[in-house]
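Worksheet: one structure, shown below.
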Amino acid sequence: MTTTPRQLLEQQGPIADDVVAVRVGDRVVDLHTPVADDAVVTPVLASEPAGLKVIRHSTAHVMADAVQRLFPGTQVTIGPAIDDGFYYDFDKKDGGFTDHDLGRIEDEMRAIIKRKSPFRREVTTREEAIRRFTALGEAYKVEIIRGFPDGEEVSYYTHGEPGKEWLDVCAGPHVPTTRHLAAVKLTHAAGAYWRGVETNPMLQRIYGTAFHTKEALAEHLALLEEAKKRDHRKLGKELELFMFHEYAPAMPFLLPRGTRVMNRLVELLRKVYDDEGYDEVSTPQIFDRRLFETSGHLPNYRENMFFPVTPDAIDELVLAGRRDDDEAKKLYAARLSEIERLAQKPMNCPSHCLIFGAKRRSYRELPMRLADFGRLHRYERGGVVHGLARVRSFSQDDAHIFTTEETLEHEIEKFLRSFYALYELFGFTRIDVKLATRPEKRMGTDEMWDQAEGDLARALDKAGLPFEVTPGEGAFYGPKLEFHVHDALKRSWQLGTLQIDYALPASFELGYIGSDGKEHRPIMLHRAWYGSLERFFAVLIEHVGGAFPTWLSPEQVAVLSVNEAQEAYGMSVVQQLKARGVRAYGDFSRDKLGAKIRNARLMRVPYLAVVGAKEQELRAVTPRSQRDGDLPQTPLAEFIDRVAAEARLPSLPSLAETREQSSRLGAANKSAHPPRKEDKRRHEWRQAAPASIPGRTSAVPRSASTTASASPRSA
RNA sequence: GCCGACCUAGCUCAGUGGUAGAGCAGCGGUUUCGUAAACCGCAGGUCGUGGGUUCAAAUCCCAUGGUCGGCUCCA
């Protein structure tokens, strides 16, 4: 094979400037990699995703080159293209890279790019490559090459002026020359373990991004800025939804406005629970350790648990420690173990097993669905906590379903249908499904795991849901279905989950009497739709940019007076709204109307109702909607009817309706609610389905220039 | 937990060895005003905390808490 794609393309005519590689079958290769003489090659353009990937990977090489020029002695490791850019990991002798360093590196990269040197590919033997990189002092590269099978060819790439080429082991492909690297930006530096293993040395990673044009790069950076404005931590502070304090790190305080939203989220679920046969329970926070020995949490989950200690236990330990005789040493050891006598619950499942096991159960009681909004505490290491999305104290829409083999499949189906109906209601359309299989640390037999993993995979197939298998990521008691949704900055968070558990019913020796009069063991499902309420709240805040739909909003109407003469009328408007269950407040301060509007808009109040002299006289209001802007003056009674209707808790479509939906799960952007019958007047209000969240259009204030761009999906 | 950065008034941020600042919010007054910020004044900080260096520390050094970006780990 001596023919290059460049030659093949040239036979078809001159090669366009923006061709960075070619596609041969499924492979993307560069223009100078030899291919079969009769290969069918199609150009890969700089602007298409595959082309951008080539550009970014090539940029990573140039960055590594720049780093080694500026910081001699720094070793290179790996540097792949990733979703929105690339990174390269370095072993730098004296600590990490500063922001100042990043600027210098970027300048150096521009200088390298300006020289327009070609990327060249060479092939050598494994042994020769090892010799070559050993001579360069690149220990990590040598380790990588040693990992290749014996006798395998090794390709490497160079760029740069002759005699000063920069060299990297690499499968490619790369752009023809550095000329194609038009727009480059280094974003941040961070530590990363070599090969991602915590016990390996910490390397220094630089993240960057690159595009085919400067305009595309600028657009991407603007998008990131826009996304940062939706960060739930920022909005949580601005909108007074929640706060943190260093006296309770990573444990959120939900403020009045945030609590109102959360309560609505829970109210909605309680209604669904009623429809679907769940029974809510409430269980203790602190247990004797024996519970978690039985459940397997102590052997498998201890590192994530808090252990409360009584003052007696501490005092006795201190006293025993003060004495210095043999008996005291024995006493001390005994007291020390007492310290861990109590444990704060990290999950609800053990309590629910106790409830199930508390009396003789009949098959007639199954499926038994126990729901629990109880607060959980999990010790999380300092570096992993993240706003409301990863906390140490949280609650879940947790429920455990005790079921028979026969009804298991039906229960899973029911879970999936309601899950998708719920998420569609909130406007989440991009949901990644993962099937997490048996971890190393686990309970139960392999047969149980085979069974449970198979059950879940079959249920997904039956629902027509594409999913990814993540081996070893399951819970210690059973495999998990995980439902992941992205935040504003495209970080993916697991929200809902469904887990099949054969292990805990066995550990707790749970049983029920079947219709045959014999004792049988139930199967347990652990399930949550929202997952952690706090995390769901975080993702929801970012999804809607702080502008909640009316039914969820902490305040639904702000009544604004034009001047003090309307205060009495305004107060009566607020009272009448409240009487109809609408969360309303009045702003009768001496501010100008413009200022009142600004304040209410900043707090994302869905409806403003302006009352001036005209409105007072006509018993009317002039509304303005967060979503639709100014609305015509409306009689008060009509306004109240309208808002009260929109403020009501939405209902999930019935199971029959969702059956149809579940067959098109993942279909984008369809409203859960068909448009209602509208009369003329309603039409003026530009009715949208009240329950669906307009995340893509009005989630950020209208004044923002790139309204749609803040959506994580549109990037 | 690891690597790096950051922490100044309620919030957003200036201030890099020599007397702690601004805007907004708050409070007091003036203004009564029609769709995104009226005007004047007042008050507010042992510069996260604890040590150290120095004649002198918000500023330099060490420790510690918290936060942020990643890594690892998870709802």
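The sequence lines fix the lettering, A, B, ..., with proteins before strands; numbering per chain opens at 1.
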Selected nucleotide, minimal atom distance to A:M202 side chain, candidates B:G70, B:C33, B:A36: B:G70
Assert yes or no for the condition that the ring centre distance of A:Y423 to A:F483 is strictly below 6.0 Å. no
Selected nucleotide, minimal atom distance to A:N563 side chain, candidates B:G34, B:A75, B:U32: B:U32
Cation-pi check, A:R205 to A:Y87: give yes when NZ or CZ is under 6.0 Å from the six-membered ring centre and within 45° of the ring axis, no otherwise. yes
Pair of N/O donor and acceptor under 3.5 Å linking B:G34 base with A:Q633 side chain: no
Choose from B:C71, B:U35, B:A75 the nucleotide whose nearest atom is closest to any side-chain atom of A:D630. B:U35
For the side chain of A:R535, counting heavy atoms from C-beta on, which of B:G1, B:A36, B:C74 is nearest? B:C74
Sort out the partner of B:U35 for me: Watson-Crick or G-U wobble, both distances under 3.5 Å, none otherwise. none
Atom-to-atom span, CD of A:E240 to P of B:A25 - whole angstrom: 14 Å
Ionic contact status for A:K480 with A:E482, cut-off 4.0 Å: yes
Tell me which nucleotide among B:C68, B:A75, B:U35 gets nearest to the side chain of A:F394. B:A75
Paired with B:U59 by Watson-Crick or G-U wobble geometry, both distances under 3.5 Å: which nucleotide is it? none
Could you work out the separation of B:C61 and B:G44 based on their C1' atoms and round it to a whole Å? 32 Å
Could you give the distance from CG (A:L540) to CG (A:D487), rounded to the nearest 0.5 Å? 12.5 Å
What about A:R390, does its side chain sit under 3.5 Å from the base of B:C73 through a donor-acceptor pair? yes
Charged N to carboxylate O below 4.0 Å: is that the case for A:R369 and A:E411? yes
Which nucleotide wins on minimum distance to the side chain of A:Q204, given the candidates B:C3, B:G34, B:A75? B:C3
Under 4.0 Å between any heavy atoms, over every strand shown, what does A:G191 touch: base, sugar-phosphate, or nothing? Just pick one. base
From B:A75, B:U72, B:C11, pick the nucleotide closest to the side chain of A:K237? B:C11
When you measure from the side chain of A:V610, which nucleotide among B:G34, B:G69, B:A37 comes out closest? B:G34
Looking only at side-chain atoms of A:E380, point me to the closest of B:C73, B:C71, B:G34. B:C73
B:G1, B:A75, B:U35: which one has an atom nearest the side-chain heavy atoms of A:Q494? B:A75
5'-most contact on RNA chain B: A:Y207 or A:G496, nearest heavy atom basis? A:Y207
Heavy-atom nearest nucleotide on RNA chain B for A:R491 versus A:H245: which residue maps closer to 5'? A:H245
